[in-house]
Amino acid sequence: MSNKTFHIQTFGCAMNEHDSETIAGLLSEMGYESTEQKKEASVAIINTCSVRDNADKRFFGTLGQLKKIKEMNPDFTVCVCGCMMQQQHVIDTVKQKYPWVDIIFGTHNIHQFPKLLESVLGEKQKMVDVWDDGGDIVEGLPVKRQFAHKALVNIMFGCNNFCTYCIVPYTRGRERSRHSEEILAEVRELVRDGVQEITLLGQNVNSYQGDVDFAGLIRKLNEVEGLERIRFMTSHPKDISEELIRAYQDCHKLCNHIHLPVQAGSNRVLERMNRKYTREHYLDLIRKFRETRPDIAITTDIIVGFPGETEEDFQDTLSLVREVEYDSAFTFLYSVRKGTPAEKYEDQVPEDIKHERFNRLVDLMNELSLKKNKALEGQVASVLVEGTSKTKEDTLTGRTEGFKTVNFKGPKDIIGTIVPVRITEGKTFNLEGIFIEK
Ligand code: 5AD
Ligand code: SF4
């Protein structure tokens, strides 16, 4: 085993996953190889998430474990980056309580990581380099993709929305969009490299504004020869345009799925969250999406127990979930984030009530997911085959356009292609199917 090996552990969202792919790309260019085993690596990187408290806790737990490796091997270099490092109180804690950390960098200066690493290795000293602001977008960074046939593509960085619960505007800075030609060039290159599906990334892709708007970008990407599927995340309901809905009509590569975080079903709570839309507006959007694509899969994010949420407000969330009939949802317990407006709200909901509501919401969501998935039984879905199942070697796994995981038996040479699969069983969290040979 060469002594130039790295291990990256990533917490959080697709944006962080993609940043880790860039870090892996940069390290590969420096001659490093990746390893699955932390203790075998010469460089360990932890890419952190600050969106909720449980990710913070897991990060500090992981840092604690690295101490032992560092004691056995003083040349082991420990690097931490990502959203948590954009907060001064976190940097202070790391410096005081985890002195075995060698490099701290942030979300805005990933491109400088090779320089930081070289100087830390050369001078045997520690380094903290975190930028407050993103500045210009750095193009052309190398990326080592996790998957051969699907890729994440940043179209914009940052967020201007300041939802009152959310830390992201403080850790990722203000909105900055890439030029569409840069995005198109990247996507064409990915397609040449075998990519069939792209997921466009941004904290709020609907407010993308390069030389064209978001719908314009989708229309351009829909023309890229060889590209089969376009997805995007995440969307903000207040910025969904009529043009985007029309793009769903015209652009056949746009997958039959929209992830549209609602966060809450009560107008009072939505207002306190600073979401800038109402329940009625949201439901109207859902109606328009369904008019355009009747069988579109709809998923969402919901926060339970936001400060001041009453039982009546929570009932509004349950009734909205029933009305929309989501395919699935990410449900979160509200988590106080230091420095956000909601941290100061005095009417925090007691933990036991939050948990009790959370369980009721999850039960309802599971019931709806099962119903939606059962309705697909007998239908033929087009599935991008991603690989073999983690648990069963003889089973393939892939995703439908609606972002549902399907497990089925089939030959390994169809991995990386889009194939027809007949759905035989709809379960709560996935589908079973049979591969239809041509
Ligand atoms: N507490 C709980 N959930 C949160 N999210 C963002 N901030 C918080 C918080 N403080 C959720 C939102 C968002 C998703 C990515 O994380 O639902 O859409
Ligand atoms: Fe956070 Fe709101 Fe921005 Fe999403 S839109 S990243 S929830 S502030």
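Order of appearance sets the numbers: ligands from 1, and atoms from 1 within every ligand. Heavy-atom basis, side chains included; hydrogens, waters and symmetry copies ignored. Position 1 is the first residue of the sequence, and the numbers go up from there.
- Contact annotation: C163 places no N, O or S atom under 2.8 Å from atom 1 (Fe) of ligand 2.
- Of the candidates C166, P237, G202, the one placing a heavy atom closest to atom 1 (Fe) of ligand 2 is C166.
- Annotation: side chain of Q146 is not in contact with side chain of T10 (no heavy-atom distance under 4.5 Å).
- Using a 4.0 Å cut-off to heavy atoms of R275, the atoms of ligand 2 that qualify are 2 (Fe), 7 (S).
- With a 4.0 Å cut-off on non-hydrogen atoms, H236 touches ligand 2 through its side chain and not its backbone.
- Under the 4.5 Å side-chain criterion, counting only non-hydrogen atoms from C-beta, F330 is not in contact with T299.
- With respect to atom 11 (C) of ligand 1, the closest heavy atom belonging to the protein is R52 NH1, 3.3 Å.
- Geometric assessment of R275 against the ring of Y277 yields a negative cation-pi assignment under the 6.0 Å and 45° thresholds.
- In this structure, R58 fails the cation-pi test against F11, since its NZ or CZ atom is not both closer than 6.0 Å to the six-membered ring centre and inside 45 degrees of the ring normal.
- Residue contacts with ligand 2 do not include R172, since none of its heavy atoms lies under 4.0 Å from the ligand.
- At a heavy-atom cutoff of 4.0 Å, ligand 2 is contacted by the side chain of Y165 but not by its backbone.
- Within the 4.5 Å cutoff, the side chain of T35 has no heavy atoms near those of the E33 side chain.
- In summary, the side chains of D313 and T310 do present a donor paired with an acceptor at a separation below 3.5 Å, with no hydrogens or angles considered.
- Inter-residue side-chain proximity for T164 and Y345 is flagged as met; some heavy-atom pair is nearer than 4.5 Å.
- The single protein non-hydrogen atom nearest to atom 4 (Fe) of ligand 2 is Q203 O, 4.2 Å, given as residue, atom name and distance.
- Residue contacts with ligand 2, taken as heavy atom pairs separated by less than 4.0 Å, do not involve N204 at all.
- Remark: aromatic rings of F332 and F358 are distant, center separation not under 6.0 Å.
- Geometrically, ligand 1 and Q263 share a nitrogen or oxygen pair separated by less than 3.5 Å.
- In this structure, Y248 and F289 have perpendicular ring planes: the angle between them is above 60°, well past the 30° mark.
- For F113 and F105, the distance between ring centers is under 6.0 angstrom.
- Of the N or O atoms in Y334, none lie within a sub-3.5 Å distance of an N or O in ligand 1.
- Here the heavy atom of the protein found nearest to atom 3 (Fe) of ligand 2 is C159 SG, 2.2 Å.
- Put simply, the side chain of R337 does not reach to within 4.5 Å of the side chain of Y170, judged on heavy atoms.
- Under a 4.0 Å criterion applied to the non-hydrogen atoms of F162, ligand 2 contributes the atoms 8 (S).
- Contacts between P169 and ligand 2 below 4.0 angstrom, taking non-hydrogen atoms only, involve the side chain exclusively.
- Listed by number with element, the atoms of ligand 1 under 4.0 angstrom from any heavy atom of R337 are 10 (N).
- The protein non-hydrogen atom at the shortest distance from atom 10 (N) of ligand 1 is S335 O, 2.8 Å.
- Contact annotation: for Y165 versus ligand 1, heavy atoms closer than 4.0 Å belong to both the backbone and the side chain.
- Of the protein's non-hydrogen atoms, the one nearest atom 5 (S) of ligand 2 is N161 ND2, 3.5 Å.
- Closest to atom 18 (O) of ligand 1, if we only count protein heavy atoms, is D301 OD2, 2.7 Å.
- Neither side chain, H108 nor D132, offers a donor N or O lying under 3.5 Å from an acceptor on the other.
- Of the candidates L333, T331, V51, it is L333 that places a heavy atom closest to atom 2 (C) of ligand 1.
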